[in-house]
Amino acid sequence: MRFLHSLLFLAAGAAQAASTWGFDDATVSVSSKKGAGAKEKFNEKAPLPQSIVLGSSDSLKILLTAKEGGKGKRPHQAFVMLQEPTTGLEAPFPLTVKDNGKAVVEIKHSDLPTQLAASTTPLKASLILASFGAAEGINKPIFDIDVATEPNATPIVAEKPMRYGKLDDIHHEFRADPKSPPKVISLVFVLAVLATVPALFIGWLTLGANVSHLSKAINAAPLAHGVFFGSIVAMEGVFYMYYASWNLFQTLPVIGVVGAATFLSGTKALGEVQSRRLAGER
Amino acid sequence: MKFLVSFLVLVFAAVAQAISSSGSRLLVILEDVAEKAGYSKFLADLEGRGFDIAYETPKSESLSLFHLGERSYDHILFLPTKSKGLGPNLTPNILLQFINANGNILLTLSSSTATPSSIVSLLLELDIYLPADRQGLVVDHFNYDALSASEKHDVLLLQPPGALRAGVKDFFSDASVIAFPNGMGQTLGEGALLAPVLRAPATGYSYNPKEQTETVDDLFASGSQLSLVSTMQARNSARFTVVGSADMLSDKWFDAKVKKVGEKDTVKTGNQEFAKAISGWAFKETGVLRVNWVEHHLNEEGAGNASNPKIYRIKNDVTYSISLSEYSWDKYIPFTVPESDDLQLEFSMLSAFHRLKLNPTISSADSTTYSSSFKLPDQHGIFNFMVNYKRPFFTNVVEKNTVSVRHFAHDEWPRSFAISGAWPWLAGIGATVTGWLAFCTVWLYSAPAATRESKKTR
């Protein structure tokens with residue numbers, strides 16, 4: 001039964017195969033406040049070669065007669081679709097159709113969704129005419145619309161809605177490391193500083209500095225002088241260790257020990273120095 | 001050992017249930033319990049996947065979604081009902097509470113029965129819009145079934161939807177041709193929680209079959225703006241799915257033969273596969289992500305590699321790893337990030353300092369470990385390791401681990417001898433020390449200079 005049914009439909013389809021939707025007497029006109037704009041005729045064979053310019057205060061009017069199998073008739077679906085080619089976003093504009101198929105639609109610039117109004121590429125307009133029953137509908141591109149942006153009007157910004165997805169990578173920018181001056185300059189100053197030591201020694205020698213009383217002092221107080229001078233050198237050694245590896249709590253007790261040695265041996269050693277001074281030998 | 005025990009527990013749990021990751025209690029709401037015969041294949045499929053199905057009508061007085069504050073059901077399936085409202089047990093507020101309590105809802109609409117006002121208010125709450133007066137029929141004069149709807153064109157034949165956009169996993173494209181009979185379309189708001197599964201073809205549109213029989217002057221929506229099957233996944237990952245045509249789940253369309261207009265051969269519909277895919281997603285059998293563990297440690301030579309320390313130093317090298325599984329029908333499988341999508345780690349204090357791609361490193365039978373190594377920023381403070389993976393059709397993954405990042409300690413800076421700019425100062429210290437020792441020597445042991453003997457002697 002069902003098979004028979006479908007056969008019947010097939011037969012009906014074959015009989016009506018010639019019947020398709022189409023349109024005739026189609027015009028598109030742009031009316032602007034400045035005066036009548038372009039008016040073009042178009043047909044279903046091919047889209048208009050030139051694009052229609054739509055300014056921000058203009059409106060676009062499309063007039064046509066919808067026909068089924070060559071006779072004027074009202075289709076259920078009569079839409080002008082405007083499509084933004086880069087995103088594929090579409091906006092339908094239904095035509096108002098009379099019984100005899102005369103259809104009209106007026107699209108103002110302000111009717112365009114912001115995404116289309118902000119488009120920089122020409123919008124593709126297509127016409128869909130279709131209805132119930134077996135008659136075949138048509139879906140044909142008719143023309144392109146150039147949405148003109150006026151230089152002194154506030155630009156239309158189509159904000160992208162928030163969508164979950166991956167975000168751009170972020171790599172932290174580190175602050176630059178502290179920089180040293182060129183090593184050559186540092187070395188010049190190192191040499192300049194080190195040169196003061198021989199300069200000092202030469203100065204002292206010309207003034208007659210000497211160590212002639214060393215044996216005398218050692219003979220007079222060998223232990224005291226040894227420990228006293230040794231502790232002064234050791235103190236520098238402690239400072240070096242503090243710089244190199246020790247912490248303050250390791251350093252302080254050693255300073256205490258070395259300092260005590262300096263103090264105790266110092267009374268004797270400096271007494272010997274005083275005795276030489278009193279003897280008029282300094 | 002602990003791992004083994006938890007693994008065994010997991011395995012047993014999976015074997016015992018072999019169903020949805022979030023429970024098996026399914027409530028089916030329909031006008032008359034006898035109507036379930038029309039959906040017997042779909043419901044048998046669900047039962048075969050382990051759901052315990054309870055059938056209720058909105059009029060039933062014993063119907064209650066909550067018992068002592070806990071959900072009585074894990075999922076609800078709404079089949080079309082004729083009544084104008086849904087009674088006091090299914091108010092929009094109770095249904096929202098159900099979603100907030102992590103319950104999943106699969107709602108089916110039909111153009112032949114008016115949608116209950118309770119459902120319309122719920123949909124408005126979720127930013128899903130139905131045609132005015134709850135009357136709408138989706139037709140497409142270019143993609144209809146020539147066998148069953150050659151006059152009315154209200155049985156749409158649709159190709160599988162494919163991925164929503166690049167980087168989104170496609171759960172719904174197993175089916176061949178999908179028949180969408182007698183359905184009502186929806187439009188979706190702009191929210192990121194909403195995602196259409198099936199959209200009308202470019203020439204499809206919705207009209208009011210009562211008032212717009214002659215021509216469509218006031219268009220509800222057409223083309224891809226008209227969603228036929230839509231989803232909403234709440235922030236708590238509860239799922240709400242709207243199927244615009246209840247008939248597409250019915251026995252009649254599960255194995256119907258269809259012939260697209262203008263084509264020669266008849267084909268069997270893929271509605272059964274699509275119904276499985278959409279109900280499986282809606283009831284959390286697919287697309288459920290689980291975080292197994294999160295680990296981060298110092299990635300420096302000579303440093304201890306203790307897991308998840310509370311404190312790091314600026315400019316430390318650190319490795320972060322996260323193990324993820326995806327639930328697929330009856331078990332957890334390793335989660336693979338869809339192509340052209342990335343799992344990203346943010347290291348953030350108020351705003352992200354680093355946002356890095358996590359790369360898969362280890363894969364096991366039921367999990368994939370993603371990790372990334374990087375240098376901590378040169379900014380001290382309280383930071384978060386943040387993985388915020390929210391994608392359409394996947395449950396949300398938000399993992400936040402807080403750590404302190406401290407400055408260099410005084411003894412962690414480079415030594416002064418390593419800094420060339422400090423050499424003159426070090427030389428200065430050396431010169432001073434040498435001079436001091438020489439001075440002490442001379443002061444202690446110098447004999448009076450011969451030429452000035454008379455002056456020096458007092």
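Just so you know, these numbers come straight off a predicted model, no measurement behind them. Chain A is the first sequence line, chain B the second, and so forth, proteins listed ahead of strands; every chain is numbered from 1.
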**Item:** Proximal component of F79(A), with respect to chain B [non-hydrogen, under 4.5 Å]
**Value:** side chain
**Request:** Examine whether an atom of E346(B) lies under 4.5 Å from a heavy atom of chain A, and if so say whether it belongs to the side chain, the backbone or both; otherwise answer neither.
**Result:** side chain
**Item:** Atom group of A279(A) that falls short of 4.5 Å from chain B, counting heavy atoms
**Value:** neither
**V197(A) portion near chain B, given a 4.5 angstrom heavy-atom threshold** = side chain
**Item:** Side-chain donor-acceptor contact under 3.5 Å, D169(A) with Q344(B)
**Value:** yes
**Item:** Heavy-atom pair of closest approach, residues L356(B) and I170(A)
**Value:** CD2-O, 4.0 Å
**Asked** Parallel, tilted or perpendicular: which describes the rings of H141(B) and F132(A), with under 30° parallel and over 60° perpendicular?
**Response** perpendicular
**Asked** Where on L426(B) is there a heavy atom nearer than 4.5 Å to chain A: the side chain, the backbone, both, or neither?
**Response** side chain
**Request:** State, with a plain yes or no, whether a side-chain heavy atom of I429(B) is found less than 4.5 Å away from one of Y243(A).
**Result:** no
**Message:** My understanding is that only one of K216(A), H213(A), H225(A) makes a side-chain hydrogen bond (donor to acceptor under 3.5 Å, both in side chains) with Y445(B); could you say which?
**Reply:** H225(A)
**Which atoms of V233(A) approach chain B - backbone, side chain, both or neither, heavy atom under 4.5 Å** = both
**Request:** Return the orientation label for the H354(B) and F174(A) ring planes: parallel under 30°, perpendicular over 60°, tilted otherwise.
**Result:** tilted
**Request:** Could you look at S131(A) and say if it's the side chain, the backbone, both or neither that has a heavy atom under 4.5 Å from chain B?
**Result:** backbone
**Complete:** Applying a strict 4.5 Å limit to non-hydrogen atoms, the region of V168(B) in contact with chain A is neither
**Prompt:** What part of L187(A) gets closer than 4.5 Å to chain B, counting heavy atoms only: side chain, backbone, both or neither?
**Reply:** side chain
**Request:** Over all heavy atoms of both residues, which pair between A427(B) and V190(A) is shortest? Give the atoms and the distance, please.
**Result:** CB-CG1, 3.9 Å
**Prompt:** Of the backbone (N, CA, C, O) and the side chain (C-beta and beyond), which part of A209(A) lies under 4.5 Å from a heavy atom of chain B, both, or neither?
**Reply:** both
**Per-residue contact mode, L191(A) against chain B (heavy atom under 4.5 angstrom)** = neither
**Request:** Counting only heavy atoms closer than 4.5 Å, note whether P75(A) contacts chain B via side chain, backbone, both or neither.
**Result:** backbone
**Request:** Quick one: do W436(B) and I232(A) satisfy side chain to side chain contact (heavy atoms under 4.5 Å, CB included)? Show the steps, please.
**Result:** CA-CA 10 Å; W436(B) 162 245; I232(A) 289 171; 3.7 Å; yes
**Prompt:** Sub-3.5 Å donor-acceptor pair from the side chain of S446(B) to the main-chain atoms of N210(A), do we have one?
**Reply:** yes
**Complete:** The reported gap from CZ in R175(A) to CD in Q379(B) (rounded to nearest 0.5 angstrom) is 5.5 Å
**chain A contact via E190(B) - side chain, backbone, both or neither, heavy atoms under 4.5 Å** = both
**Request:** Decide yes or no for H172(A) and F374(B): does some side-chain heavy atom of the first lie under 4.5 Å from some side-chain heavy atom of the second?
**Result:** no
**Item:** Segment of T266(B) engaging chain A (4.5 angstrom heavy-atom cut-off)
**Value:** neither
**Request:** Check whether A202(B) gets within reach of chain A through its side chain, its backbone, both or neither, counting any heavy atom under 4.5 Å.
**Result:** both
**Message:** Between F417(B) and chain A, with a heavy-atom cut-off of 4.5 Å, which part of the residue counts as in contact: side chain, backbone, both or neither?
**Reply:** both
**Request:** Compare all side-chain heavy atoms of Q77(A) with those of F142(B) and state whether any distance is below 4.5 angstrom.
**Result:** yes
**Request:** Compare every heavy atom of F189(A) with every heavy atom of P424(B), then report the nearest pair and how far apart it is.
**Result:** CG-CB, 3.8 Å
**Request:** Measure the spacing between NE2 of H76(A) and OH of Y205(B) and express it to the nearest 0.5 Å.
**Result:** 4.5 Å
**Request:** Report yes or no: does R276(A) contribute a side-chain atom to a donor-acceptor pair with the main-chain N or O of A447(B) at less than 3.5 Å?
**Result:** no
**Message:** Report which part of I138(A) has an atom under 4.5 Å of a heavy atom belonging to chain B: side chain, backbone, both, or neither.
**Reply:** backbone
**Fill in**
Nearest heavy-atom approach of S180(A) to I419(B) is OG-CG2, 3.3 Å
**Asked** Can you tell if the side chain of F201(A) reaches within under 4.5 Å of the side chain of T434(B), non-hydrogen atoms only?
**Response** yes
**Asked** With a 4.5 angstrom heavy-atom cut-off, which part of K152(B) approaches chain A: side chain, backbone, both or neither?
**Response** backbone
**Item:** Region of I128(A) that comes under 4.5 Å of a non-hydrogen atom in chain B
**Value:** side chain
**Prompt:** If you round to the nearest 0.5 Å, how far is OH of Y164(A) from CG of L193(B)?
**Reply:** 4.5 Å
**Request:** Locate the shortest heavy-atom distance separating S222(B) from P92(A); write the atom from each residue and the value.
**Result:** OG-CG, 3.3 Å
**Prompt:** At a heavy-atom separation under 4.5 Å, does T196(A) approach chain B through its side chain, its backbone, both, or neither?
**Reply:** side chain
**Request:** Could you grab the distance from atom CG of L270(A) to atom CH2 of W443(B), nearest 0.5 Å is fine?
**Result:** 5.5 Å
**Prompt:** Would a 4.5 Å heavy-atom cut-off, applied to side chains only, mark Y240(A) and V433(B) as touching?
**Reply:** no
**Prompt:** What residue, out of S186(A), G208(A), G88(A), has the most heavy-atom pairs lying under 4.5 Å from chain B?
**Reply:** S186(A)
